[in-house]
Amino acid sequence: MAEVKQKQVALSKKELLSMDARTLAKKIANQEISSVYATNVFISHVKNVNDDLNCLVEDRFENALKEAEVADEEIKQNGAGNKKLFGVPISMKESFDVAEMKTTGGLTRRKDVVLQQDADVVTALKAEGAIILGKTNTPALCFCQETDNKLYGRTNNPWDLTRTTGGSSGGEGALLAVGGAAAGIGSDIGGSIR
């Protein structure tokens with residue numbers, strides 16, 4: 001255990017935030033860093049940048065940390081198995097259903113709609129061991145070319161806060177651009193995910 005902690009200290013927060021999901025998954029599986037450490041680093045970073053960007057509109061930080069603890073214990077007992085994202089913190093576009101989270105489409109009339117079932121892509125990601133940190137902003141009904149809606153407001157471009165991000169995956173794009181998650185899920189029909 002002391003050896004794991006020593007390796008974790010050697011990995012700076014900056015290194016972790018710039019690491020791709022595949023590398024992070026390998027380091028977690030090899031117990032070079034813990035899922036709890038990685039999850040805490042991402043949560044802290046998101047809290048630091050989100051006031052300016054407004055990219056993450058609903059978090060599940062408490063549940064994510066509990067899931068990270070379970071992942072670390074599972075790795076100690078049985079290893080990560082063949083799961084490709086075991087213990088890796090990710091983000092999710094608001095339009096994808098996540099059980100016990102809202103899917104609003106940015107509409108004020110849906111502000112209290114909490115879903116009870118995961119979308120297929122969420123089910124698949126959880127089956128691979130991914131830990132969802134939260135959901136990111138979209139335009140209303142994912143329909144506009146900028147990420148702004150009446151419920152959550154505007155997501156700002158991380159490189160110039162006076163500008164918006166594109167739509168419809170603008171919240172996801174902004175969060176990933178600043179290293180707010182190891183990976184994220186968006187959707188695209190016209191180039192918005194770029």
When every non-hydrogen atom of Ala38 is compared with those of Ile28, the smallest separation belongs to CB-CD1, 4.4 Å
Taken to the nearest 0.5 Å, the spacing of Leu53 CG from Asn48 CG works out to 10.0 Å
> For Gln145, does the CD atom have more than 12 heavy-atom neighbours from other residues, nucleotides or ligands under 6.0 Å away?
Replying inline: no
Checklist entry - Are Phe61 and Tyr152 co-members of a hydrophobic cluster defined by side-chain heavy atoms under 4.5 Å apart? => result no
Between Lys93 and Ser169, does any side-chain donor sit less than 3.5 Å from a side-chain acceptor?
yes
inquiry  = Any heavy-atom pair between the side chains of Ile131 and Ile90 that's under 4.5 Å?
reply    = no
Would one find more than 12 heavy atoms of other residues, nucleotides or ligands at under 6.0 Å from atom NZ of Lys126? yes
**Message:** Please tell me whether Thr123 and Asp120 have a donor and an acceptor in their side chains that are separated by less than 3.5 angstrom.
**Reply:** no
- Task: Begin with the C-alpha distance, continue with both residues' side-chain angles, and end with the deciding distance and a verdict on side-chain hydrogen bond (donor to acceptor under 3.5 Å, both in side chains) for Ser95 and Lys135.
- Result: CA-CA 8 Å; Ser95 59; Lys135 296 178 83 175; over 6 Å; no
Is the shortest side-chain N to carboxylate O distance from Glu67 to Arg60 below 4.0 Å?
yes
Gln31 and Lys76: side-chain contact (heavy atoms from CB on, under 4.5 Å), yes or no, with the steps?
-> CA-CA 8 Å; Gln31 297 185 50; Lys76 285 179 198 169; 3.9 Å; yes
inquiry  = So Leu65 and Ile43, do their side chains get closer than 4.5 Å, heavy atoms only?
reply    = yes
I'd like to know if the side chain of Gln116 and the backbone of Glu100 have a donor-acceptor N/O pair within less than 3.5 Å.
no
Between the CD1 atom in Ile75 and the OG atom in Ser34, the distance rounded to the nearest 0.5 Å is 9.0 Å
Taking the side chain as C-beta and beyond, is there a heavy-atom pair between Tyr37 and Lys13 under 4.5 Å?
yes
For Ser187 and Ser168 the tightest heavy-atom approach is O-OG, 4.0 Å
Hey, are the side chains of Met19 and Leu11 touching, using non-hydrogen atoms and a 4.5 Å cut-off?
yes
Problem - Leu176-Leu85 co-clustered via ILVMFWY side chain contacts under 4.5 Å - result: no
From the list Thr147, Asn149, Thr165, Asp148, side-chain hydrogen bond (donor to acceptor under 3.5 Å, both in side chains) with Asn137 holds only for Asn149
>> Could you tell me if the side chain of Ile185 sits less than 4.5 Å from the side chain of Met92, heavy atoms only?
In response: yes
- Side-chain heavy atoms under 4.5 angstrom apart, residues restricted to Ile, Leu, Val, Met, Phe, Trp, Tyr: same cluster for Val178 and Leu161? yes
Separation between NE2 (His45) and CG (Leu175), nearest 0.5 Å, reads 8.0 Å
Original post:
Does Thr162 offer a backbone N or O that forms a donor-acceptor pair with the side chain of Asn157 under 3.5 Å?
Top reply: no
In this structure, would Phe86 and Val70 fall into the same cluster of hydrophobic residues linked by side-chain contacts under 4.5 Å?
no
One should read off an interatomic distance between Leu125 CG and Lys83 NZ, to the nearest 0.5 angstrom, of 12.5 Å
- Item | Sub-4.5 Å side-chain heavy-atom contact between Asp20 and Leu24 | no
Value for CZ (Arg154) from CG (Asn156), rounded to nearest 0.5 Å, stands at 4.5 Å
Return yes if some donor-acceptor pair links the side-chain N/O of Ser18 with the main-chain N/O of Lys14 below 3.5 Å, else return no.
-> yes
Donor-acceptor pair, Glu74 side chain versus Ala80 backbone, under 3.5 Å? no
Practice prompt. Keeping the roles fixed (side chain from Lys111, backbone from Thr104), state whether a donor-acceptor pair exists under 3.5 Å.
Written response: no
side-chain contact (heavy atoms from CB on, under 4.5 Å) test vs Leu56 passes for just one of Asn50, Leu133, Thr155, namely Asn50
Under 3.5 Å, is there a donor-acceptor pair between the Ser91 and Glu172 side chains? yes
For Phe42 and Leu16, the nearest pair of non-hydrogen atoms, with its separation, is CE1-CD2, 3.3 Å
Practice item. Please answer whether the main-chain N or O of Ser35 pairs with a side-chain N or O of Thr39 as donor and acceptor at a distance below 3.5 Å. Key: yes
**Message:** Count I, L, V, M, F, W, Y as connected when their side-chain heavy atoms are under 4.5 Å apart, and connections chain through other members. Are Ile33 and Val41 then in the same cluster?
**Reply:** yes
Check whether Glu15 reaches the backbone of Ser12 with its side chain - one donor and one acceptor, N or O, closer than 3.5 Å.
yes
Separation between CE (Met101) and CG (Leu115), nearest 0.5 Å, reads 10.5 Å
Check your understanding: Taking the side chain as C-beta and beyond, is there a heavy-atom pair between Phe96 and Asp118 under 4.5 Å?
Key -> no
